[in-house]
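The model shown is predicted, which means the values in this text are computed figures rather than measured ones. To find a chain, count down the sequence lines: A is the first, B the second, and so on, and within it residues start at 1.
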Amino acid sequence: MKLNRRAFLGTASATAVSLAAPMVFAAGHGKSHVVVVGGGAGGATAARYIAQDSQGEINVTLIEPSRAYYTCFFSNLYLGGFRDISSLAHSYGTIASGGVNVVHDWAVGVDRDAKTVALAGGGSVPYDKLILSPGIDFVDGAVEGWDLSAQNAMPHAYKAGSQTELLRAQVLAMPQGGTFAMVAPPNPFRCPPGPYERVSMVAHLLKETNPTAKILIADPKETFSKQGLFEEGWNKHYAGMVERVGPDFGGANVSVDPDAMTISIDGEVTKVDVCNVIPAMKAGRIAELAGVTDGNWAPVSAADMSSKADADIYVLGDSSAQGDMPKSGFSANSQAKVCANAVRGALTGSTIFPAKFSNTCWSLINTNDGVKVGATYEATDEKIAKVDGFVSSTGETDAMRQATYEESVGWYAGITSDMFG
Amino acid sequence: MVSLGIRRDLFAMVLLGSALVSGAPLEAQGLGDPDRGAEVFKQCTACHQIGDGAVNRIGPHLNMVFGRQAGGLENFRYSESMTRAGVDGIMWTVETLDIYLENPKSLVSKTRMNFRGLDRAQDRADVMAYLREFSQDPSDIPEAMPTATGTDHDLDPAILAIQGDPEYGEYLASECKTCHQANGAADGIPAITQWPVEDFVVAMHAYKRKLRPHPIMQMMARRLSDEEIAALAAYFEDLE
Ligand SMILES: Cc1cc2nc3c(=O)[nH]c(=O)nc-3n(C[C@H](O)[C@H](O)[C@H](O)COP(=O)(O)OP(=O)(O)OC[C@H]3O[C@@H](n4cnc5c(N)ncnc54)[C@H](O)[C@@H]3O)c2cc1C
């Protein structure tokens with residue numbers, strides 16, 4: 001059995017075309033099929049855990065178009081100059097050698113009656129259980145004047161990789177004393193502290209290269225994650241550089257003009273040098289195509305992450321509407337383990353242990369100035385509900401902040417090896 | 001601070017003065033008997049010096065240890081664990097010393113202090129009374145804390161005796177592996193694989209009971225039952 005699968009993998013990596021062939025599962029006759037769409041924080045973890053723990057009893061296929069996954073987590077640190085871009089890239093080699101059929105293609109449709117997933121390259125893959133973890137897409141028309149065709153002039157950099165590199169290059173090319181603008185997203189969105197960590201990292205970079213530059217944030221939200229900690233840090237390290245316009249002053253009434261490089265906040269037009277537009281978000285489009293979304297997100301049961309619309313489909317990570325957990329890589333990874341345990345139990349009869357979830361999000365404000373927020377969660381009938389939590393405090397010692405940063409480096413190594421082996 | 005000429009009799013005088021002011025001799029307030037403590041301290045002298053001219057040996061000198069941050073002497077090379085404990089906020093007080101001296105590993109798992117600990121609460125109270133005489137302004141050191149005479153923090157042997165279920169441990173451990181690497185590498189978060197079960201259980205309960213300060217680990221440990229901690233210990237012990 002194992003030999004057969006290896007042989008299949010060998011050809012798979014040689015030619016992507018053969019992957020579309022309908023004989024994908026010839027090797028796994030009689031076994032249950034789990035298909036995972038999306039090889040990110042949720043999907044890579046789920047695929048790896050199911051394959052590893054079922055020890056060959058379940059045939060696992062991971063569908064993911066990219067050969068290298070660039071983590072969004074720590075991509076702000078790349079902007080600030082604390083990481084290089086290659087340190088964010090992870091390949092699927094170890095996942096594949098751990099027994100997962102890795103198919104580099106897009107899933108373009110789900111036939112819930114036939115229980116198959118259609119691939120962009122042609123052909124389809126059958127499943128007994130389907131796990132969707134496709135991350136986010138942007139809500140059309142969320143920011144007037146901006147759509148995906150404007151993403152080179154005004155990058156979102158909210159999916160990591162070339163967008164992140166582009167944004168950094170634009171910051172470095174700003175004229176002295178220029179303006180970096182950010183259009184921050186409304187709730188809920190991936191990584192609640194993400195935009196504000198980004199502001200910190202851009203400020204850090206500008207302080208070195210362009211100390212008279214300004215940062216302007218248009219924000220539709222009254223308050224944001226770890227606000228007191230970020231504002232303390234901005235005052236301390238980047239005094240006078242960061243201005244945030246909240247909804248009281250029109251932060252929700254924004255449009256942009258990518259050709260003119262202007263941003264209009266409550267009717268007041270400003271010429272800017274870089275404009276980072278982070279639009280409102282929704283579940284990755286395949287969730288909508290599968291018919292498991294309600295509004296922008298896909299509602300799930302807290303006990304096992306199964307879709308409320310279809311008991312054989314599970315939705316992990318950013319795409320899911322699950323309750324109290326923030327949309328983070330940590331959360332997606334945590335949900336994936338609960339889901340993997342439940343899926344394996346459902347298909348092989350292995351013990352299904354009670355759901356347990358947790359999350360911690362670190363943010364870097366300046367060199368060795370790290371902060372964190374975290375919580376534990378449990379499954380209730382209604383949702384994933386917060387049990388307990390903590391957050392860094394303002395005024396902590398430098399040694400404590402440095403230890404917090406070092407911890408985040410440890411976490412990055414931990415979660416990426418948990419996802420990719 | 002090291003160059004202060006510290007003499008026990010000098011401290012005793014200061015102490016006497018303050019004791020007179022507060023109107024009660026030390027022993028009556030319950031910290032323990034410093035003279036007996038001097039006897040107990042003989043177990044420490046293979047590694048530690050104290051008093052006038054004390055220097056670091058195998059262990060750090062113990063002058064003015066009360067109020068000092070754990071791992072706080074600049075010129076002593078502490079274990080990573082001890083340094084981390086200090087950064088986390090552990091200061092040496094009657095309470096923390098009592099825990100550390102009872103079972104050094106409960107507070108600092110990988111401490112370099114190769115010492116079993118003092119089982120008897122009275123021995124700890126006495127040795128602390130002795131150490132206190134070599135601290136600055138001993139009168140400022142609270143002595144009427146609930147733990148002042150030594151409280152047993154040791155885990156109930158029944159908890160240590162629980163046989164963990166490694167299969168359940170494996171599931172529970174999946175949550176830990178987001179931070180603690182399964183292969184035992186440590187890049188900013190300590191490794192927890194292949195520990196003796198007892199050390200693991202003692203450490204987890206120290207977080208659960210807030211003897212150790214770290215907010216993440218307190219939160220993680222708080223919702224684990226005794227059986228779950230045992231299951232995790234059993235699983236991680238054998239993880240390669
Ligand atoms: C700037 C920034 C900083 C962040 N910092 C942190 C942090 O410090 N800590 C933290 O925990 N989280 C952080 N996050 C959030 C984290 O990146 C996401 O929450 C996490 O990646 C969500 O995991 P996921 O599995 O839902 O989606 P993703 O990780 O985005 O994975 C989705 C995958 O699905 C694939 N995919 C999508 N559609 C299809 C399809 N139709 N067919 C096949 N494949 C498809 C994509 O290619 C992608 O690889 C940050 C995010 C950003 C933007």
K.L.:
Looking only at non-hydrogen atoms, find the nearest pair between B:Q181 and A:G414 and report the distance.
P.N.:
CG-CA, 3.6 Å
K.L.:
May I have the step-by-step check of side chain to side chain contact (heavy atoms under 4.5 Å, CB included) for A:S350 and B:Y171, ending in yes or no?
P.N.:
CA-CA 12 Å; A:S350 64; B:Y171 167 72; over 6 Å; no
K.L.:
Between A:T360 and chain B, which part of the residue has a heavy atom less than 4.5 Å away: side chain, backbone, both or neither?
P.N.:
side chain
K.L.:
Can you tell which of A:G329, A:A340, A:S408, A:S358 has the highest number of heavy-atom pairs within less than 4.5 Å of chain B?
P.N.:
A:S358
K.L.:
By a 4.5 Å heavy-atom criterion (distance strictly below it), what part of A:Y412 contacts chain B: side chain, backbone, both, or neither?
P.N.:
neither
K.L.:
Roughly how far apart are A:N333 CG and B:T178 OG1, rounded to 0.5 Å?
P.N.:
4.0 Å
K.L.:
Calculate, to the nearest 0.5 Å, the distance between atoms CG and OG belonging to A:N341 and B:S174 respectively.
P.N.:
7.5 Å
K.L.:
Would you check if A:Y49 and B:K177 make a side-chain contact, meaning some heavy-atom pair closer than 4.5 Å?
P.N.:
yes
K.L.:
State, to 0.1 Å, how close A:E407 and B:H214 come at their nearest heavy-atom pair, and which atoms those are.
P.N.:
OE2-NE2, 2.9 Å
K.L.:
Rounded to the nearest 0.5 Å, what separation is found between the CD atom of B:E175 and the OG1 atom of A:T376?
P.N.:
8.0 Å
K.L.:
Can you list the residues of residues 159-168 of chain B that sit under 4.5 Å from chain A, counting heavy atoms only?
P.N.:
B:E167, B:Y168
K.L.:
Considering all heavy atoms of both residues, which atom of B:V87 and which atom of A:A399 are nearest to each other, and what is their separation?
P.N.:
CG1-O, 3.4 Å
K.L.:
When heavy-atom pairs shorter than 4.5 Å are enumerated against chain B, which of A:M419, A:K372, A:Q402 gives the highest number?
P.N.:
A:K372
K.L.:
Is it the case that more than 12 heavy atoms not belonging to B:E198 sit under 6.0 Å from its CD atom?
P.N.:
no
K.L.:
Please check if the number of heavy atoms outside B:N114 that lie under 6.0 Å from its CG is greater than 12.
P.N.:
no
K.L.:
Is there a side chain to side chain contact (heavy atoms under 4.5 Å, CB included) between A:W411 and B:D187? Walk through the geometry before answering.
P.N.:
CA-CA 8 Å; A:W411 163 78; B:D187 299 289; over 6 Å; no
K.L.:
Which region of A:S417, side chain (C-beta onward) or backbone (N, CA, C, O), has a non-hydrogen atom less than 4.5 Å from a non-hydrogen atom of chain B, or is it both or neither?
P.N.:
side chain
K.L.:
Is chain A contacted by the side chain of B:D88, its backbone, both, or neither, given a heavy-atom distance below 4.5 Å?
P.N.:
backbone
K.L.:
Please report the closest heavy-atom contact between A:G389 and B:M219, naming both atoms and the distance.
P.N.:
CA-SD, 3.9 Å
K.L.:
Assess whether atom CG of A:D398 is packed by more than 12 heavy atoms of other residues, nucleotides or ligands within 6.0 Å.
P.N.:
no
K.L.:
Measure B:Q69 against the heavy atoms of chain A and call it side chain, backbone, both or neither at under 4.5 Å.
P.N.:
neither
K.L.:
Between A:E406 and B:R84, is the salt bridge (Lys or Arg N to Asp or Glu O under 4.0 Å) condition met? List the steps.
P.N.:
CA-CA 11 Å; A:E406 285 164 4; B:R84 184 155 45 74; over 6 Å; no
K.L.:
Atom CD of residue position A:Q227 - does it have more than 12 heavy atoms of other residues, nucleotides or ligands inside 6.0 Å?
P.N.:
yes
K.L.:
What verdict does the side chain to side chain contact (heavy atoms under 4.5 Å, CB included) test give for A:K356 and B:M220, after you've listed the backbone C-alpha separation in whole Å, the side-chain angles of each residue and the deciding distance to 0.1 Å?
P.N.:
CA-CA 11 Å; A:K356 271 197 160 122; B:M220 297 305 295; over 6 Å; no
K.L.:
Could you check A:D388 against B:R223 for side chain to side chain contact (heavy atoms under 4.5 Å, CB included), going step by step and ending with a plain yes or no?
P.N.:
CA-CA 9 Å; A:D388 195 5; B:R223 68 168 169 169; over 6 Å; no
K.L.:
Checking heavy atoms, do the side chain of B:R222, its backbone, both or neither come under 4.5 Å from chain A?
P.N.:
side chain
